[in-house]
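Data block below; observations after.
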Amino acid sequence: PYTCPPDYLKKVINIIEETGASAQIHLAETREEVERCYKEYGVSPVSFLQKIGLLKYDLLAAHCVHLNDEDIDILAENNIAVAHNPGSNLKLGSGIAPLPALLEKGVTVALGTDGAASNNNLDMLEETRLAALLHKGYAEDPTLISAPEALALSTRNGGKALGCANQIGIIKEGYKADLLLFELNRPHLCPPHDLIAHFVYAAQPSDIKTVFVDGEIVVDKGQALKIDEERVIYEVQKRALALVS
């Protein structure tokens, strides 16, 4: 809302109505954003979007760090999905989103990384682990965000948040075969008593050996098959040096 004034958002709503598309917006990410919204419009960012009419549509709200109880109720009542980005929020000092309260109200919450400018490795395994650990420590409650709940945030809820719940997010006949195969014969994954807990608390990206996207193998034995990784690294280094020279 702090970069999208009402007239602009009304244009977005017109496009949504014309095309049937869904929308995504950063929302209540920082305390400064919330204070500015109250100063300019007299309401919270969530209430502002409700007044504009954007919450009537299929919307994914990123961050949602600084919410009050009324905000959470509004998100729940309008079936707005939330993308929780714990790594980015921590790096930027934005705060900690009220994930347990959102889940308690039935809000669909999935995990995100935000962009590379505020998340160095874009590692979804790390985001899953942060989501499971951060809220335990903040609330001093080890029962919050269990390993199965964290796994759901990074898989099933991702499909729901994107409006693709009947295509992705779970392993089921007729769904897209988006799969990760892990090498379990690793010291930090033994003994394999609880594979979900291993995935959430111990697994590393280097443990992923094979990646399927819609049934097609795109990573095999840890090697990317669809891109020239060496060339990409070379180009990144060259362009980064050009930016600072």
Side-chain angles (χ1 to χ4, degrees), residues 1-4 22-38 43-50 54-55 58-163 169 200-201:
Y2 66 93
T3 59
C4 300
S22 57
Q24 186 268 339
I25 188 170
H26 284 211
L27 185 63
E29 180 179 358
T30 66
R31 195 176 303 279
E32 180 185 3
E33 174 194 335
V34 175
E35 292 173 351
R36 185 186 303 185
C37 196
Y38 272 109
V43 293
S44 72
V46 173
S47 293
F48 169 71
L49 293 189
Q50 185 183 41
L54 188 59
L55 298 189
D58 185 14
L59 185 71
L60 176 60
H63 299 294
C64 292
V65 175
H66 297 279
L67 305 175
N68 56 41
D69 291 341
E70 182 183 6
D71 291 333
I72 295 174
D73 287 337
I74 291 172
L75 294 174
E77 291 165 3
N78 288 275
N79 296 315
I80 302 300
V82 170
H84 179 36
N85 303 271
S88 171
N89 296 155
L90 288 173
K91 184 178 182 182
L92 295 180
S94 300
I96 299 174
L99 176 60
L102 287 164
L103 294 177
E104 185 178 351
K105 289 289 186 175
V107 176
T108 296
V109 182
L111 294 180
T113 61
D114 207 349
S118 59
N119 188 305
N120 293 73
N121 55 18
L122 306 179
D123 180 359
M124 285 295 291
L125 285 175
E126 182 175 289
E127 300 302 318
T128 305
R129 183 151 47 252
L130 279 173
L133 296 176
L134 179 61
H135 303 282
K136 291 178 172 66
Y138 181 71
E140 301 180 27
D141 183 350
T143 68
L144 291 179
I145 316 301
S146 66
E149 285 178 311
L151 176 62
L153 294 177
S154 63
T155 54
R156 182 181 66 235
N157 284 19
K160 292 173 63 178
L162 292 171
V200 173
Y201 297 119

- Task: Output, in order, the C-alpha distance, side-chain angles, deciding distance and verdict of side-chain contact (heavy atoms from CB on, under 4.5 Å) for Ile74 and Ser47.
- Result: CA-CA 8 Å; Ile74 291 172; Ser47 293; 3.7 Å; yes
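- Looking at every heavy atom in both residues, Glu33 comes nearest to Pro1 through OE2-CD, 3.5 Å.
- Atom CD1 of Ile96 is separated from atom CG of Leu130 by 10.5 Å, given to the nearest 0.5 angstrom.
- For Asn119 and Glu127, the side-chain atoms include at least one donor-acceptor pair closer than 3.5 Å.
- In this structure, Ala83 and Leu60 approach most closely via the heavy-atom pair N-CD1, 3.9 Å.
- Sorted pairs that involve residues 133-144 and meet salt bridge (charged side-chain N to carboxylate O under 4.0 Å, His left out), not counting sequence neighbours, are lacking altogether.
- Between the side chains of Asp71 and Ser44, at least one donor N or O lies within less than 3.5 Å of an accepting N or O.
- Taking all atoms of both residues into account, the shortest heavy-atom contact from Leu134 to Pro86 is CD2-CB, 4.1 Å.
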- Item | Intermediate values then yes/no, side-chain contact (heavy atoms from CB on, under 4.5 Å), Ile145 and Leu103 | CA-CA 9 Å; Ile145 316 301; Leu103 294 177; 3.7 Å; yes
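- Partners of Glu35 under the side chain to side chain contact (heavy atoms under 4.5 Å, CB included) rule, at least two apart in sequence or in another chain, are Arg31.
- Glu104 is linked by a salt bridge (charged side-chain N to carboxylate O under 4.0 Å, His left out) to nothing, counting only residues two or more places apart in sequence or in another chain.
- Considering only heavy atoms from C-beta on, Leu49 comes within 4.5 Å of Ile25 through its side chain.
- Summarising the geometry, atom CG belonging to Leu75 is positioned 9.5 Å from atom CD belonging to Gln50; distances are rounded to the nearest 0.5 Å.
- Judged as a ring-ring contact (aromatic ring centres under 6.0 Å, His included), not a single pair has a partner in residues 64-83 (not counting sequence neighbours).
- Annotation: side chain to side chain contact (heavy atoms under 4.5 Å, CB included) contacts of Val65 (sequence neighbours excluded): His63, Asn89, Ala97.
- Applying the salt bridge (charged side-chain N to carboxylate O under 4.0 Å, His left out) rule to pairs touching residues 113-123 yields nothing, sequence neighbours excluded.
- Residues Thr113 and Asn85 share a closest heavy-atom pair of N-OD1, 3.3 Å.
- Between the CG atom in Asp58 and the CG atom in Asn79 there is a gap of 9.5 Å [rounded to 0.5 Å].
- Nearest heavy-atom pair, Ser118 versus Lys91, reported as atom, atom and distance to 0.1 Å: O-CD, 3.6 Å.
- By the side chain to side chain contact (heavy atoms under 4.5 Å, CB included) test, Ala61 pairs with Leu27, Cys64, Ile80, sequence neighbours left out.
- Not counting sequence neighbours, the partners of Leu133 by the side chain to side chain contact (heavy atoms under 4.5 Å, CB included) test are Arg129, Tyr201.
- Checked against side chain to side chain donor-acceptor pair (under 3.5 Å), Thr30 has no partners two or more places apart in sequence or in another chain.
- Residue pairs meeting the salt bridge (charged side-chain N to carboxylate O under 4.0 Å, His left out) criterion with at least one member in residues 142-162, sequence neighbours excluded, do not occur.
- Considering only heavy atoms from C-beta on, Leu102 stays 4.5 Å or farther from His84 through its side chain.
- Shortest non-hydrogen contact noted between Leu151 and Thr128 is N-CG2, 4.4 Å.
- With sequence neighbours excluded, the residues satisfying salt bridge (charged side-chain N to carboxylate O under 4.0 Å, His left out) with Asp73 are Lys105.
- Remark: Asn157 pairs with no residue by the side chain to side chain donor-acceptor pair (under 3.5 Å) rule, at least two apart or across chains.
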- Give the C-alpha distance, both sets of side-chain angles, the deciding distance and a yes or no for side-chain contact (heavy atoms from CB on, under 4.5 Å) between Leu153 and Leu99. CA-CA 11 Å; Leu153 294 177; Leu99 176 60; 3.9 Å; yes
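- The distance from the OG atom of Ser154 to the CE atom of Met124 is 6.0 Å, given to the nearest 0.5 Å.
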